[in-house]
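Below is one structure; the comments refer to it alone.
A note on names: the letters A, B, ... follow the listed sequences, proteins ahead of strands, and every chain is numbered from 1. Values in this document were obtained by computation on a predicted structure and should not be read as measured data.
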Amino acid sequence: MSKTSTTDFTVRVQAEDFDVLAETEILTKGRKDVGAIVTFTGLCRDEGGALEALELEHYPGMAEAQISKFAQQAVERWPLTGLTIIHRFGKIPPGDNIVLVIATSPHRRAAFEAADFLMDFLKTKAPFWKKEHLREASEGTWVEAKAADDADAARWDAPKTK
Amino acid sequence: MSKTSTTDFTVRVQAEDFDVLAETEILTKGRKDVGAIVTFTGLCRDEGGALEALELEHYPGMAEAQISKFAQQAVERWPLTGLTIIHRFGKIPPGDNIVLVIATSPHRRAAFEAADFLMDFLKTKAPFWKKEHLREASEGTWVEAKAADDADAARWDAPKTK
Amino acid sequence: MIPGPDPMKIRYFAWLRERTGTSEETIELPEGVKTTGDLMSWLAARDEGYAFAFEQPETIRIAVNQEHVEEDHVLSGTEEVAFFPPMTGG
Amino acid sequence: MIPGPDPMKIRYFAWLRERTGTSEETIELPEGVKTTGDLMSWLAARDEGYAFAFEQPETIRIAVNQEHVEEDHVLSGTEEVAFFPPMTGG
């Protein structure tokens, strides 16, 4: 194929929950060139019962722009047939969805790597901040960024050419 | 927690299709300790319209035993809260599901790595064989194993300790 | 007539928003403030809340016109600058 | 009374099944056949179809009692041996 344009992708930042099955079907319906679907769903854990809710603050506009930038990098780097990224904001109780990445491709490694890459960048470069509200505390606490997440993101750095 | 037993897993080898959503809900329903769900779905591609169907032959008994062995390795190696692996056999038309791996964990890297590991081992060590039936050919052709798949599986070898 | 400096919107997120008590404000670029680092120093001198917010400027992430920048970024022509802690999305 | 050799089931998959024309058969371990490699040589000498199936024994994977083994695996006590091409699941 002499296709020069890269695959389209969908990015949404929203308060509402998402439907993994419906989002997956949008990427696969009627096509027969998809060999691999990788979905990553991130959920709010209750931290052994201590957590009442997570509050997710974001930078409207920049959040969408940053995620789209990484999505563009992903479709240029891997042979994907589809890519959807949804990130929620607002107050999210334990057990609820926070983030969804779906990558589809003819090949399994491309789908795995693209989804893994996007999650590492969402963790460290997309303007979202989590505040934990615990059952036993009146004040919420901002979650601190983890060095391990930066190290995960650094795995994807291309070797420098100059 | 002083838990010494590892997480249970589900392995099925079947002719029937599977339901990704229903299988995911079995692993997450009623729990609030799951932070990450990774699902891998492998599908039959039509190879640009050339493929009529894939025929999947397997070694009954050994297929389940081998997959269970890798599943056991995965639950010992990563902190998973749930793991389901389903592999179909028989004649599968383009667009249909072949294989499903779902790994759930408190942590995203564990879920990604466990699913990725299992797919590499299913490709190279589980006794399944694919025959391609093309539209334009009366005889089917056995798919040849790929060196790239062996290399993928070798990524997970633990450094030798002696 | 000499044009005055363009107004610039400043946005604060997470604990920077809480400590400054401000989610956004519009200022004119003050005399002597050339870079995002200069702006942090200038803001820190405003009052106790701002001083607390900017007490460790090396931990603060900066975006100019919604792109990540460093503290030596020159502000001229900037429409929007944002200050926030390291991100914890995903 | 000296007991005879135990019967052993042999299974063939994919193109080994097609070339031998056999999906499974039960044999008694022949004299002089000690290892899975010996068994492949013995089978290859049977007829044209078996010769074709085992013409490149180094490409064939072997399982004994449903566990992967090499061609130097000693067969005594084996209930089931299987021959198949490199696997292409997933």
Side-chain angles (χ1 to χ4, degrees), chain A residues 11 13 40-45 54-70 85-90 92 97-101 115-132 139-153, chain C residues 6-27 36-37 39-40 43-44 48-75 77-90:
Chain A
V11 168
V13 174
F40 177 90
T41 313
L43 302 96
C44 178
R45 284 173 291 156
L54 269 186
E55 193 182 328
L56 268 134
E57 181 169 336
H58 76 298
Y59 185 167
M62 183 174 174
E64 291 85 344
Q66 283 286 308
I67 299 174
S68 297
K69 195 170 93 177
F70 309 137
I85 304 160
I86 303 175
H87 203 306
R88 295 180 65 195
F89 59 83
I92 296 180
N97 292 324
I98 297 172
V99 60
L100 175 66
V101 174
D116 197 6
F117 164 88
L118 283 160
M119 280 309 305
D120 283 348
F121 281 78
L122 287 173
K123 282 265 168 194
T124 56
K125 307 276 188 200
F128 289 85
W129 301 273
K130 290 193 185 106
K131 191 174 195 173
E132 289 182 336
E139 272 292 303
T141 315
W142 291 100
V143 173
E144 291 215 33
K146 291 189 198 75
D149 289 331
D150 288 325
D152 285 343
Chain C
D6 288 328
M8 182 174 65
K9 188 193 274 190
I10 312 183
R11 306 181 70 159
Y12 307 91
F13 292 97
W15 51 255
L16 274 125
R17 175 179 50 71
E18 291 178 340
R19 291 180 185 183
T20 61
T22 306
S23 60
E24 63 177 73
E25 60 185 326
T26 301
I27 66 163
T36 47
L39 181 57
M40 286 199 283
L43 289 165
E48 262 184 33
Y50 279 84
F52 182 33
F54 289 98
E55 67 180 358
Q56 289 189 292
E58 67 282 6
T59 66
I60 294 171
R61 305 299 171 95
I62 313 157
V64 159
N65 299 341
Q66 307 198 353
E67 292 281 350
H68 294 290
V69 300
E70 300 298 323
E71 65 183 54
D72 58 1
H73 182 88
V74 175
L75 283 167
T78 293
E79 290 163 23
E80 182 171 307
V81 57
F83 296 105
F84 43 78
M87 291 146 282
T88 55

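- Near-neighbour residues of residues 80-90 of chain C relative to chain A, defined by a heavy atom under 4.5 Å from a heavy atom of that chain, comprise C:Glu80, C:Ala82, C:Phe84, C:Pro85, C:Pro86, C:Met87, C:Thr88, C:Gly89, C:Gly90.
- Around atom NZ of A:Lys131, more than 12 heavy atoms belonging to other residues, nucleotides or ligands sit under 6.0 Å away.
- Only the backbone of A:Glu144 comes within contact range of chain C, judged by heavy atoms closer than 4.5 Å.
- Neither the backbone nor the side chain of A:Lys146 comes within less than 4.5 Å of any heavy atom in chain C.
- Chain C forms the most heavy-atom pairs under 4.5 Å with one residue out of A:Val101, A:Val143, A:Leu56, and that residue is A:Val143.
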Under 3.5 Å donor-acceptor pairs involving side-chain atoms of residues 55-62 of chain C, not counting sequence neighbours:
unit_1, atom_1, unit_2, atom_2, d
C:Thr59, OG1, C:Gln56, O, 2.8

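- Interface residue A:Lys130: backbone and side-chain heavy atoms are both found under 4.5 Å from chain C.
- No other option in A:Arg88, A:Met119, A:His87 has as many heavy-atom pairs under 4.5 Å with chain C as A:His87.
- Scored by the side-chain hydrogen bond (donor to acceptor under 3.5 Å, both in side chains) test, A:Asp116 finds A:Arg155, B:Arg109 as partners (sequence neighbours excluded).
- The closest side-chain heavy-atom distance from A:Met62 to C:Glu67 is not below 4.5 Å.
- When A:Thr124, A:Asp150, A:Leu118 are compared by the number of non-hydrogen pairs under 4.5 Å with chain C, A:Thr124 comes out ahead.
- In this view, C:Phe13 and A:Tyr59, A:Trp129 satisfy the ring-ring contact (aromatic ring centres under 6.0 Å, His included) rule, not counting sequence neighbours.
- In C:Glu79, the CD atom is not crowded: 12 or fewer heavy atoms of neighbouring residues, nucleotides or ligands sit closer than 6.0 Å.
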